[in-house]
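Below, chain A is the first sequence line, B the second, and so on; all start at residue 1.
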Amino acid sequence: MTEALRVSNLSKTFPRSRGLFARARPGVRALRPVSFAVETGETLGIVGESGCGKSTFARMLVGLLPASGGEIVIEGRRLDTADPARFGKMIQYVFQDPISSLNPRKTIRQIMEAPLRRLHGMGRAARAARIAEIFDSVHLRPDFLDRYPHEFSGGQAQRIGIARALAAAPRILVLDEPVSALDVSVQAQVLNLLARLKAEFGLTYLFISHDLAVIEAVSDRVLVLYFGAVVEIGRAESIFKHPRHPYTRLLADSAPVVGRPLRAPEQRGSELPDPLDPPPGCAFAGRCPRATDLCQTEEPPLRPMGEDQLAACHRPLED
Amino acid sequence: MSLFLRLLWRNRLASLGGGVITVIVLLALVTPLLPLQHPDVTDTAHRFLFPFSKGYLLGTDQLGRDLLSRLLWGTRLSLAVGVVAALAAGIVGSGVGMIAGYAGGRSDNVIMRAVDMLMAFPYVLLALAIVAALGPGLMNALIAVAAVNVPFFARNIRGITLGLAGREFVDAARLSGKGHIRIILTELLPNVLPVIVVAMSTTVGWMILETAGLSFLGLGAQPPQADLGGMLGQARSAMITSPHTSVVPGVMIFLIVMSVNLLGDGVRDALDPRLRSGALSRPRAATEVARRGPVPSPEMAPADALLAVQALEIQFHVGGRVYRAVNGVDLAVKPGECLGVIGESGSGKSVTALSIMGLVASPPGVITGGAVRYRGEDLIGAPYARLRDLRGESVAYIFQDPQATLHPLYRIGDQLAEAIRAHHPVSRAEARARAVQLLRDVRIPNPEGRVDDYPHEMSGGMRQRVGIAMALANDPDVIIADEPTTALDVTVQAQILSLLDDLRRDRGLAIVFITHDFGVVAQLCDRVAVMYAGQIVETGPTAEILATPAHPYTRRLIACVPELGGGRRELAAIPGLPPSVDALPEGCAFAARCDKAAPACREARIDMTGTGPRAVRCLYPEEAFA
């Protein structure tokens, strides 16, 4: 196994606008330093709720947003400038909303040709052959090429989005909620297609979702984000069954499951801490039933707990 | 394109303007070919001849020049200047606006403040200053008029570009390796172009008017060159004695500007997608009703039903097409009961829900059949006053997006109080006290403090609680919840669901819960109705349907839902797509995707069959269904 992606201490702080005479204020920390590695052929699931920094993180990985610190290494090559054109050949992005990620005034052919021409400098004949090949592997009919995006259903448009990402021949795909805008019956079509493409092209996936069941079904390992920090990493088959971090457990308990009686897993306020005034200790302490004084004052580091599992918690859950 | 021309033609004023301007442009184009006198040849013996004089159809001016000839040549020049000025202003202004909008941040700020400075001067003064600096002349007048109009384009186009630049397709283009200039030219420009064209078509008239103004002041076209403003300026000294010398160019300016503006407005209305879709034609206060066939009798509904929907049919009439969104839906809820309506997008579940209180937008929605009975009273076709009494008071809605349902400029307490005072004559203080109590009922912490919050100060979950509080404001009997938790995080969703569950148990509320999520249905609903292509295909107690689905669609849809705890696996999918509701098949709508479909499935409409609480619309139900 080789390492496809290594991220070391990647962080993002958004500067706050300051008044004309005011002193510069500390910025908003959207992502605290994150480090992890993904092996070739692995699917790393990333879960978290809105505002946890998953989109910021994904956009930094593909170079759409410059990082404030840390580094990204893809297959041994360090990418430190936020230049999507350089990142594009290594890592590509599949967007959440398939329709809005396609320019409404361009034909599918024009959309598909852009990465081939700009990133790979292919000639006309080579482009046509490559597009035909990719369309075949994502099960799209060649006559779609001359149509416009609004003529497609969500599922078809998402397959076009995947085809566009594949056209750049990347090693890694960042899938940002690729099925959450789709109906359930179509969702599975796209997920199964993604699984097949991964095997066919030897891809590595970073799969971002808020749906724990989907994450569990597609991932090898799962990374849980809360308030811009990694709270737990572990193998997909065990992390939700035996969570160490109370937040992971809260997530697992909140997912609606057929046959489980309805109860609110927490009665306390579910508000996230204020990003402009982050708490000194663990960000989850305010919601955590196990929180102690230590949690309120000291930020817990991510440390190994059990095999293949890491959690950032002073008082981790036991089995 | 043909749609655009048809829409334009339907606008009578615009087509009138189009006709007039076409004639004028044609005349201007053929002017050099017409047997006219030279416009600059003077004939002082025949000064100030009146129209219809021999040899001078429109008479002559103060130097005895043929007015008709000068008018046509002048029109030609004025039109050309107007169009070129509009093009120049459009290109420069749009370019500036697109660069500012795409770059954003500091560059945007610097560019737009410069544009603001240009706008800070009254435009006539600015044009005069430019001409004064460059010297009089038609070319300089053109530059002045174009420069003065640059800010209009820049601001307009910048706003639109700003919205587009944040869209995902721009990110996608960057990931495809496109540079900034290429993105502006090939990704943004095609999307902005219609707006530029519309803005130009509405400003050409102004440009002509402004150039004429400068020429009138002697700063534009220089004698003996004829342009409309110049003609007017030279004729003004003889206004009393020979009014025709000023009326002739005046009428022409009027005709050009009026027709260009009428046409421009028509183009804008026909091109703007919001106007085209009829968004500006306000929907009626209640859905249009055109029931064909008999109204179902009240005896057909279950006796204990609080709210019953019977054989409801709703269509959308768009252009010549008929979309059959709902085709004979029957639903009923008892007090204290929660009915789940589950279906995929386009299955007609939301339209059914909205029609209960006549909230489907008309046009294009029409209720074409069936009845909605609240305590036995048919609400379809009920007078608007009656519907208004019931809306919120007896039947209340909770919508998917609380951000969109709450007014952003009013405090939530005021909005709650308004909902109460719409139905009950209580004092402001009392309404406010009840608003605080409602917030407490939906478990908002510190309700006294939050009652004065604006919606943007709350999180999504809190806003949805306010949405629920508003639905509860008048103690309704029935709550219709249309995907109330879809936009929320799972931890928040769990809280909202348990809140709804408690409320219905405590208050005996009947809830119609519309969703696409089986997990949610399983936890909250007593009974469930599964919709597909505008019909209910299966209904029954939730636990039974989940355990032994009878309709192949239900069975396969349940199989598609990934469940936590299942491990890494291949997920089941249903191949194909639901049928489009403007081309529904003859028999079962699911037949094309069903692995059990037989020829009989495609022949005729299939009725619901079943006993007791369970019923299914299938000729070959799953074996578990007895």
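- In this structure, the side chain of A:R164 engages the main chain of A:S101 through a donor-acceptor pair within 3.5 Å.
- Looking at A:M90 and A:I172, their side chains never come closer than 4.5 Å, going by heavy atoms from C-beta outward.
- Both the backbone and the side chain of A:S100 come within contact range of chain B, with heavy atoms under 4.5 Å apart.
- Interface remark: A:Q156 contributes side-chain atoms only to the contact with chain B (heavy atom separation under 4.5 Å).
- Of the residues considered (B:T186, B:V521, B:V170, B:L193), B:T186 shows the highest number of contacts with chain A, using heavy-atom pairs under 4.5 Å.
- In this structure, the side chain of A:H120 does not engage the main chain of A:P115 through any donor-acceptor pair within 3.5 Å.
- In this structure, B:Y532 and B:F590 have perpendicular ring planes: the angle between them is above 60°, well past the 30° mark.
- Among the residues in residues 185-199 of chain A, those with a non-hydrogen atom closer than 4.5 angstrom to a non-hydrogen atom of chain B are A:S185, A:V186, A:Q187, A:A188, A:Q189, A:L191, A:N192, A:K198.
- Both the backbone and the side chain of B:A172 have a heavy atom closer than 4.5 Å to some heavy atom of chain A.
- Comparing A:I91, A:T43, A:D220, A:L251 by heavy-atom pairs within less than 4.5 Å of chain B, the highest count is held by A:D220.
- Within the 4.5 angstrom heavy-atom criterion, atoms from both the backbone and the side chain of A:A114 approach chain B.
- A:D176 is not listed as a side-chain neighbour of A:F95, based on a closest heavy-atom distance of 4.5 Å or more.
- Counting heavy-atom pairs under 4.5 Å between each of A:A167, A:P104, A:A255 and chain B puts A:P104 at the top.
- Neither the backbone nor the side chain of B:R556 comes within contact range of chain A; no heavy atom of the residue lies under 4.5 Å from a heavy atom of that chain.
- Contacts between B:E344 and chain A at a heavy-atom distance below 4.5 Å involve backbone atoms as well as side-chain atoms.
- Side chain of A:Q158 to main chain of A:P178: a donor-acceptor pair is present (N/O by atom type, distance under 3.5 Å, no hydrogens or angles).
- In this structure the side chain of A:Y148 reaches within 4.5 angstrom of the side chain of A:T107, judged on heavy atoms.
- For chain A, the option among B:E187, B:R167, B:H516 with the highest count of heavy-atom pairs below 4.5 Å is B:E187.
- In this structure, the portions of B:L175 lying under 4.5 Å from any heavy atom of chain A include both its backbone and its side chain.
- The main-chain N or O of A:L166 is never found under 3.5 Å from a side-chain atom of A:Q92 such that the two would form a donor-acceptor pair.
- Considering only heavy atoms from C-beta on, A:V224 stays 4.5 Å or farther from A:Y226 through its side chain.
- The distance from the CG atom of A:L182 to the CD atom of A:Q96 is 9.5 Å, given to the nearest 0.5 Å.
- The main-chain N or O of B:S345 is found under 3.5 Å from a side-chain atom of A:D183 such that the two form a donor-acceptor pair.
- Contact annotation for A:V62: both backbone and side-chain heavy atoms come within less than 4.5 Å of a heavy atom of chain B.
- With a threshold of 4.5 angstrom between heavy atoms, B:D502 does not approach chain A through any atom at all.
- Going from atom OG of B:S498 over to atom CD of B:Q523 covers 10.0 Å, rounded to the nearest 0.5 Å.
- One N or O on the side chain of A:H245 and one on the backbone of A:Y247 form a donor-acceptor pair closer than 3.5 Å.
- Neither the backbone nor the side chain of A:S180 comes within contact range of chain B, judged by heavy atoms closer than 4.5 Å.
- Listed options A:G161, A:A217, A:A252, A:P149 were ranked by heavy-atom pairs under 4.5 angstrom with chain B; first place goes to A:A217.
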